[in-house]
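So the structure is just underneath, and the comments pick up after that.
On a predicted model such as this, the values are computed, not experimentally measured, just so you know.
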Amino acid sequence: MINIEIDGKHIETENGSTVIEAAHKAGIAIPHFCYHKKLSIAANCRMCLVQVEKAPKPLPACATPVTEGMKVFTHSDQAVKAQKGVMEFLLINHPLDCPICDQGGECMLQDMSVGYGGGHSRYQEEKRMVLSKDIGPLVSAEEMSRCINCTRCVRFGQEIGGKMELGQAFRTEHAEIVSFLSGTVDSELSGNMIDLCPVGALTSKPFRYKARSWELSRRRSISAHDSLGSNLAVQTKNNQVLRVLPIENEDINECWLSDKDRFAYEGLNTPDRLTKPMIKQDGKWQEVEWQVALEYAANGLRHIANGAGTEQVGALATGGSTLEEMYLLQKLMRGMGSDNIDFRLRQSDFSADAKQQGAPWLGMAVADISRADRLLIVGSFLRKDHPVLAARIRQAVRKGLQVSLIHSVDDDQLMNVAHKAVVAPDALVGTLAQVAQAVASKNTEGIAGSLVSGERVAVLLGNFAQQHPQAAQLQALAQQIATATHGKFGFLGEAANSVGGYIAQATPGANGLNAASMMASPRKAYVLLNVEAELDCADPQQAVAALQSADTVIVLSAYKHKALDYADVLLPIAPFTETSGTFISTEGRAQSFKGAVKPLGEARPAWKVLRVLGNLLKVDGFDFDTSEAVRDEALKGVDITAKLNNAIAGVEVKAASSASGMQRVSDVPIYTTDAIVRRSAPLQATADAATPKVWMHSEELNNIGVKSGMNVKVIQGAGSVKLACCADDRLPKGVVRVAAGHPATAVLGAMFGTITVERA
């Protein structure tokens, strides 16, 4: 530690830190623009000039390292004169458009100019102008004349996003920020540039001209779109969500937010929002009162349960449902006498259910990933499935973490990967088994060598591994590797409540059917919570067929969707911004939140709808007044930490027999993961939301006589679609990559399995 003095205050700080870091630690404010604690030092705005004893001229606090006994003056005459001089230069060319600038009220330049700006300008010449740029549907660069060239956005792309999409071109007064690669900014983290911009040069395109910052009410919330549990501030006006921003939490999302979390709110109030209860009579849909719809639903369930038996009733929920909603859904089912309840809709291997010793989770705290020195990631579309977590891993790689990947695709992770094995889905278990064997024998080469040489090892299974037909074997092998390396292993959870679903007991009991079994062996009645079967299930073909054959299908949804074809009752429920609830993140962290706005139309929180259904069906224990009361009952006597356990026993590992045809590899595109995201117009206008293509090795395309860009016919089960094809020689031969969870591919079959591609 080093002792220094700032403005007469004695401070102890770490060796190697800078003056501005020491000052911030002591609560002393130094004006700055280009400095940001998460980015490298640029020292190009010069606003943080301070006086240092014995130094001949002011020094930038952000780029001046501390030394023992250093004396710094941040508000001396010399320092203030330098800071005011810099401010005058910054304002010379800055346009005077504060009244119409979206950054008004949140602008660092505006705030600093109050303290350091002059009452008038000595500059009489014409101000420079920078042309506007179109860099995509999310970030607006319409007013680049406001840019002060702090380069925060450039450094963010290089260091956090992993790809330099913006850069600074030209010199002197001609210097400007441009997108020089593709013309647009396509990063899944691009919205963070808006937060970083200290002026109004980069603003939110969807939020543009909607409201002033001081008009907005703010509510704390939790991300509902992935399993990290990012902390959010939901900002509202006139009972409408107008903006979502990150709340800093170093243990979870740091100060970042994925574009999915930031812009999904645009899908909340779309034309297909379900705002009134509806029932189908004589094949026609009609809007009815709540009491009519609820009694209709209760009578339908009662009729099936009393006639065909309670085992003919099943319930399905998505992993984005709250703990309270899942808890009441399973309580309703079990109160009726049915054990058929599940939320793992995209899972295909349930053989671990009787062998799993607890709720599958990350296996460590999110922050511990940054401290690992060796990381093996198995079956994960990491960047798109877990954008903020990928950024954390990317930062750790820059500091020495060695990452190894085993997967069926070779996507660019925008970081250095030490070792990787790209194999077909049926070879995934065999490849991981070879690594486990090599680790056990202390092999010093390849992936095994990297893991054996580490002191803090972690093995993580991604969405693809969890959805794999041999998921239990992959889990058992990951456990073997972690044990042999004295490391940890866990799961990168798929949805906001992937862990919460287990804690809420929304999984089948010993006599119950899991999600796949409920579709393979159709029930006569289904209750669906937040489910769009054609997009949320592992085998949409089978799921839709099962629902169409049922006598009664009750859908609790915030939207009208394809359920109009197979449902009998539609009950409008509130999305997470309109209700209170709890999500348990992939690291086992329970976080509760309140609704930010009132439910739209006649929509009601799902926990209230389920409570009334329980009362109508005369199920005991449905007397709840608040969601907090539901949460307290769900967690009564439950030690979440004790419930988290990835250990698995009694799984026999055996390689799959080689597939006879082409194997399907499915990712769920980043902007089709849940109902809200699918309806966000800005997100659907991004490059990541383009219509899926069929990706194959160029030799496989040659075999069927087509070239990149041509249309092909994809056949799986009873469904077929025509899509454009593209060559990707990083894919293994014998593999066809076709996205799942997308309307364009919803008629196809299972996410894994044999698939046929032929010339259209």
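- The shortest non-hydrogen separation linking P246 to L257 is N-CD2, 3.6 Å.
- In terms of modelled atom types and a separation under 3.5 Å, the side chain of H386 and the main chain of K384 share no donor-acceptor contact.
- E176 has its side chain out of reach of C147: every pair of non-hydrogen atoms, C-beta onward, lies at least 4.5 Å apart.
- Between V234 and L245 the shortest side-chain heavy-atom distance does not fall below 4.5 Å.
- Contact detail for S145 and V130: the closest heavy-atom pair is OG-N, 2.9 Å.
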| said: Could you walk me through whether L401 and I393 satisfy the side-chain contact (heavy atoms from CB on, under 4.5 Å) test, starting with their C-alpha distance in whole Å, then the side-chain angles of each, then the deciding distance to 0.1 Å, before giving a yes or no? | reply: CA-CA 8 Å; L401 170 65; I393 294 172; 4.1 Å; yes
| said: Applying salt bridge (Lys or Arg N to Asp or Glu O under 4.0 Å) to D134 and K205, what does each step give before you reach the verdict? | reply: CA-CA 10 Å; D134 183 359; K205 194 170 274 190; 3.2 Å; yes
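- Side chains of E21 and C62 form no contact here, defined as non-hydrogen atoms less than 4.5 Å apart.
- For the pair N646 and K488, the minimum side-chain heavy-atom distance is 4.5 Å or more.
- In this structure, the side chain of K237 does not engage the main chain of A211 through any donor-acceptor pair within 3.5 Å.
- Between H225 and F576, the ring centre distance stays below 6.0 Å.
- Electrostatic pairing of D411 and R383 does not count as a salt bridge here, judged by no charged N lying under 4.0 Å from a carboxylate O.
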| said: Please determine whether side-chain hydrogen bond (donor to acceptor under 3.5 Å, both in side chains) holds for the pair N44 and T151, giving the CA-CA distance in whole Å, both sets of side-chain angles, and the decisive distance to 0.1 Å. | reply: CA-CA 8 Å; N44 55 7; T151 68; 3.3 Å; yes
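- The backbone N or O of L91 lies less than 3.5 Å from no partner atom in the side chain of N93, so there is not a single donor-acceptor pair.
- K210 is not listed as a side-chain neighbour of Q240, based on a closest heavy-atom distance of 4.5 Å or more.
- We find the NZ-OG distance between K163 and S187 to be 9.0 Å, quoted to the nearest 0.5 Å.
- Salt-bridge check for K260 with E188: failed, with every basic side-chain N at 4.0 Å or more from each acidic carboxylate O.
- One finds the CZ atom of F89 at 13.0 Å from the CE atom of M47 (value rounded to the nearest 0.5 Å).
- The existence of a salt bridge linking E248 and K38 is excluded, since no basic side-chain nitrogen approaches an acidic carboxylate oxygen closer than 4.0 Å.
- Counting heavy-atom neighbours within 6.0 Å of E68 CD, excluding the residue itself, gives a total above 12.
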| message | Between D368 and R456, is the salt bridge (Lys or Arg N to Asp or Glu O under 4.0 Å) condition met? List the steps. | response | CA-CA 10 Å; D368 286 345; R456 298 178 301 281; over 6 Å; no
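- Ring-centre distance between F381 and H407: below the 6.0 Å cut-off.
- Ion pair K399/E159 not flagged as a salt bridge, since none of the NZ, NE, NH1 or NH2 atoms sits closer than 4.0 Å to an Asp/Glu carboxylate oxygen.
- Although no hydrogens or angles enter the test, the distance criterion places no donor-acceptor pair under 3.5 Å between the side chain of D373 and the main chain of G454.
- T586 places a side-chain N or O within 3.5 Å of a backbone atom of G493 that can act as its donor or acceptor partner.
- Side-chain contact check for E53 versus M70: every heavy-atom pair is 4.5 Å or farther apart.
- Residues A482 and F489 share a closest heavy-atom pair of CB-CB, 3.8 Å.
- The two residues P31 and M112 come nearest to each other via the heavy atoms CB-SD, 3.5 Å.
- Counting non-hydrogen atoms of other residues, nucleotides and ligands closer than 6.0 Å to CZ of R220 gives a total of 12 or fewer.
- Taken to the nearest 0.5 Å, the CG atom of N192 stands 13.0 Å off from the SG atom of C197.
- Side-chain atoms of D259 come within 3.5 Å of backbone N or O of S190 as a donor-acceptor pair.
- Atom CZ of R122 sits in a sparse spot, with 12 or fewer heavy atoms from other residues, nucleotides or ligands closer than 6.0 Å.
- Here the side chain of Q110 pairs a donor or acceptor atom with the backbone of G105 at under 3.5 angstrom.
- For R219 (side chain) and K594 (main-chain N/O), no donor-acceptor pair under 3.5 Å exists by modelled atom type.
- In this structure a side-chain-to-backbone donor-acceptor pair under 3.5 Å is missing from R589 to G229.
- Looking only at atom types and distance, the side chain of S370 has a donor-acceptor partner in the side chain of R392 under 3.5 Å away.
- By the neighbour-count criterion of 12 heavy atoms within 6.0 Å, atom CG of N416 is sparsely surrounded, having that number or fewer from other residues, nucleotides or ligands.
- Rounded to the nearest 0.5 angstrom, S223 OG and F583 CZ are separated by 7.5 Å.
- Inter-residue side-chain proximity for V452 and R374 is flagged as unmet; no heavy-atom pair is nearer than 4.5 Å.
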| task | With side-chain contact (heavy atoms from CB on, under 4.5 Å) as the test, would you mind laying out the steps for D7 and V72 before giving the verdict? | result | CA-CA 6 Å; D7 294 341; V72 179; 5.9 Å; no
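- Taking NZ from K71 and CD from Q51, the interatomic distance works out to 12.0 Å, rounded to the nearest 0.5 Å.
- Surrounding CZ of F73 are more than 12 heavy atoms belonging to other residues, nucleotides or ligands, all under 6.0 Å away.
- When all heavy atoms are compared, the tightest approach of A141 to L202 is CB-CD2, 3.9 Å.
- Between R262 and D195 there is a salt bridge, since at least one side-chain N of the basic residue sits less than 4.0 Å from a carboxylate O of the acidic one.
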| request: Test R394 against L414 for side-chain contact (heavy atoms from CB on, under 4.5 Å), laying out the working first. | output: CA-CA 8 Å; R394 202 173 290 127; L414 302 182; 3.8 Å; yes
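- Contact annotation: the side chain of D261 never approaches that of N253 to less than 4.5 Å [non-hydrogen atoms, C-beta and beyond].
- There is a side-chain donor-acceptor pair under 3.5 Å between Q402 and S450.
- Residues I252 and V366 come closest through the heavy atom pair O-CG1, 3.9 Å.
- A distance of 9.0 Å separates CD1 in I222 from OG in S585, rounded to the nearest 0.5 Å.
- Within 6.0 Å of the NZ atom in K25, the count of heavy atoms belonging to other residues, nucleotides or ligands exceeds 12.
- Looking at T686 and D186, their side chains never bring a donor and an acceptor atom within 3.5 Å of each other.
- Around CG of D412, the count of heavy atoms belonging to other residues, nucleotides or ligands within 6.0 Å exceeds 12.
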| How far apart are the C-alpha atoms of L189 and V388, what are their side-chain angles, what is the distance that settles it, and do they pass the side-chain contact (heavy atoms from CB on, under 4.5 Å) test? | CA-CA 8 Å; L189 298 166; V388 179; 4.1 Å; yes
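- In this structure, R152 contributes its side chain and L196 its backbone to a donor-acceptor pair below 3.5 Å.
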